[in-house]
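As C-alpha cells, the structure follows; a few thoughts come after it.
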Amino acid sequence: MSLTPMKAKHQRLVLALIALVALIGAGLLAAWALRSQASFFYLPAEYAANPPEAGRPVRLGGMVEKGSIRTLADGVTITFVIHDDKARVPVTFKGIVPDLFVEGSGAVAEGRRQPDGTFRADNVLAKHDENYVPREMKDMTSEQARQAIEETK
Amino acid sequence: MHGFANPARFLRLARWLTPLLLVSGLAITGITLVWALLSAPAERLQGDSAKILFVHVPAAWLGMGGWSALAIASLTELVWRHPLAAIGARAVAIPGAFFAALCLATGSLWGRPAWGAWWVWDGRLTSMLVLLFLYLAYIALAEAADRDGGNGRAGQSRIPAIFGLVGAINIPIIHYSVLWWNSLHQPPSIAMGKSAMAPVFLYGLLAASLGFSLIFGGVVLARMRTILANAQTEARLRRKALQEDFGEREDA
C-alpha cells in the first residue's frame with residue numbers, strides 16, 4: 001500500500017536532481033563562454049599581448065606602480081603606470097581621481113589606446129582590495145598589515 | 001521532517017519564536033550599528049565610509065541566503081510535497097528582495113567615494129541586480145499562481161517552485177563572479193577559516209550579520225503565519241458562502 005507513493009516521491013526526486021544537474025551544467029557552460037566578455041577590464045599582460053585597436057573605448061585594470069604618479073606642469077594632468085607582473089602600460093589622465101587611488105593599489109582606467117601605445121584615460125576608478133585595516137595601521141604596507149592581522153587573531 | 005507538516009504544531013512554535021527572533025535581532029543589530037557609527041575605527045584607505053560594510057555585507061549574505069532557502073523549500077515542495085514548504089518559500093521572497101535591494105543601495109553609496117562611480121556593469125554588481133529582479137519576478141509569479149490556479153492558497157501551483165529552483169543558478173554566479181572575471185568589486189575578505197579583515201571589523205561584521213539574520217528569521221515566520229491565517233480566512237469565507245447558498249435554496 002505504501003509502495004506506490006514512495007515510488008512517486010522517488011521519481012520526483014530523481015527528476016528534480018536531473019533537472020538541477022542539467023541547469024548547473026548549462027549555467028557553468030554559459031559562464032565559461034562569457035569568461036572573457038564578462039571581464040570588466042583588460043589586464044596589462046592581455047593589453048600588451050593583444051593590443052586593442054587605437055581609439056576603441058576599453059578599460060585597463062591593474063596595480064598602480066609605486067613611484068609612478070606624476071602631476072604634469074598644467075597641474076591637472078597626471079601620468080602613472082598600470083602594471084601586473086608581466087607588463088606595464090603608461091597612462092595619462094586629466095581630472096580628479098577617487099580617494100582610494102594610491103600607488104601600489106588597484107585601479108581601472110577607462111579610455112583609449114593611443115597610437116604610440118600609451119593609454120589615455122577619460123575616467124579613473126579605484127579598486128579596493130579585500131583587506132580591511134584600521135587607520136592606526138595605515139603606515140604599514142598591505143603585506144605588513146596582513147601579517148599584523150594574522151598575529152592579533 | 002513531516003513533524004511540522006501539521007500547521008497547528010508549527011503555529012504553536014512560531015507564536016513565541018517570532019517575537020523572540022525579532023526583538024533579539026533588533027537589539028543586536030541596533031547595538032552593533034550604534035557601536036559601528038560611534039566607536040569603530042576608520043579604515044586605512046576608505047576612512048569612515050568603510051563602516052557601510054556592517055550593513056552591506058549582511059544584506060548581501062541574506063539576499064543570497066534567502067534565495068538558497070527559497071530554492072531548498074521549492075525542492076522540498078516539488079519532491080516531498082511538504083505543505084509548509086510552499087508557504088516558507090513565499091515568506092522568504094519579500095525579506096530576500098528587501099535585503100538584495102539594501103545591498104545594492106549601500107554598495108552604490110560606498111562605490112561613489114571608494115571607486116569614483118555609483119554603478120558599474122561589473123560581474124558582481126550585475127549578477128546581484130539580476131537576483132533582485134528574480135525576487136520581484138518570483139513575488140509576482142507566486143501571487144498570480146495562487147490567485148488564478150490556487151484559489152488564494154499557497155502551494156496549489158508548482159510553477160513558482162520550478163522558478164525558484166531555476167533561479168538558484170544565479171547564486172554560485174554571484175559568489176564566483178569576482179573570481180572568474182576581472183571585476184571592480186573586490187574578492188571576498190572572508191573565506192573558510194581565514195580573513196583579510198582586522199579583528200575589529202570582522203567581529204563587528206559577525207555581530208551585525210547575526211542581528212540581521214535573526215530579524216530575517218522573525219520576518220519569515222511572521223509572513224508564514226500571515227499566509228496561513230489568510231488561507232484559513234479564505235477557507236472559512238468559502239464554507240460560509242456555501243452554507244448561505246444552501247440555506248437560500250432550502251428557503252425557496
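Basis for what follows: all heavy atoms, side chains included, without hydrogens, waters or symmetry-related copies. Chain naming here is simple, since letters A, B, ... match the order of the sequence lines and numbering starts at 1 in each. Quick caveat: nothing in here was measured; it's all calculated off a predicted structure.
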May I ask you to decide if A/Phe41's main-chain N or O and B/Asn182's side chain share a donor-acceptor pair within less than 3.5 Å?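 Checking the backbone N and O of A/Phe41 against the side chain of B/Asn182, a donor-acceptor pair under 3.5 Å is found.
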Grab the two heavy atoms, one from [X] and one from [Y], that are nearest each other, plus how far apart they are.
| X | Y | result |
| --- | --- | --- |
| B/Pro187 | A/Lys127 | CD-NZ, 4.4 Å |
| A/Ala126 | B/Ala114 | CB-O, 3.4 Å |
| A/Leu23 | B/Leu165 | CD1-O, 4.1 Å |
| A/Leu125 | B/Ala117 | CD2-CB, 3.5 Å |
| A/Ala16 | B/Val79 | CB-CG2, 3.9 Å |

Answer yes or no: does atom [atom1] of [X] have more than 12 heavy-atom neighbours from other residues, nucleotides or ligands under 6.0 Å?
| X | atom1 | answer |
| --- | --- | --- |
| A/Arg88 | CZ | no |
| A/Ile96 | CD1 | no |
| A/Leu72 | CG | yes |

Between A/Val102, A/Leu43, A/Asn123, who has the most heavy-atom pairs with chain B when the cutoff is under 4.5 Å?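 Of A/Val102, A/Leu43, A/Asn123, A/Leu43 has the most heavy-atom pairs under 4.5 Å with chain B.
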Which atoms of [X] are under 4.5 Å from chain A, going by heavy atoms: the side chain, the backbone, both sets, or neither?
| X | value |
| --- | --- |
| B/Ile162 | neither |
| B/Pro172 | neither |
| B/Val166 | both |
| B/Pro113 | backbone |
| B/Ile169 | side chain |

Please state whether the side chain, the backbone, both or neither of A/Glu46 comes within less than 4.5 Å of a heavy atom of chain B.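 Looking at A/Glu46, just its side chain touches chain B.
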Side chain, backbone, both or neither: which part of A/Val124 has a heavy atom under 4.5 Å from chain B?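 Backbone of A/Val124 only, per the 4.5 Å heavy-atom cut-off to chain B.
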Output the distance between atom [atom1] ([X]) and atom [atom2] ([Y]), rounded to the nearest 0.5 Å.
| X | Y | atom1 | atom2 | value |
| --- | --- | --- | --- | --- |
| A/His128 | B/Glu43 | NE2 | CD | 5.0 Å |
| A/Leu28 | B/Tyr176 | CG | OH | 10.0 Å |
| A/Tyr132 | B/Gln46 | OH | CD | 4.5 Å |

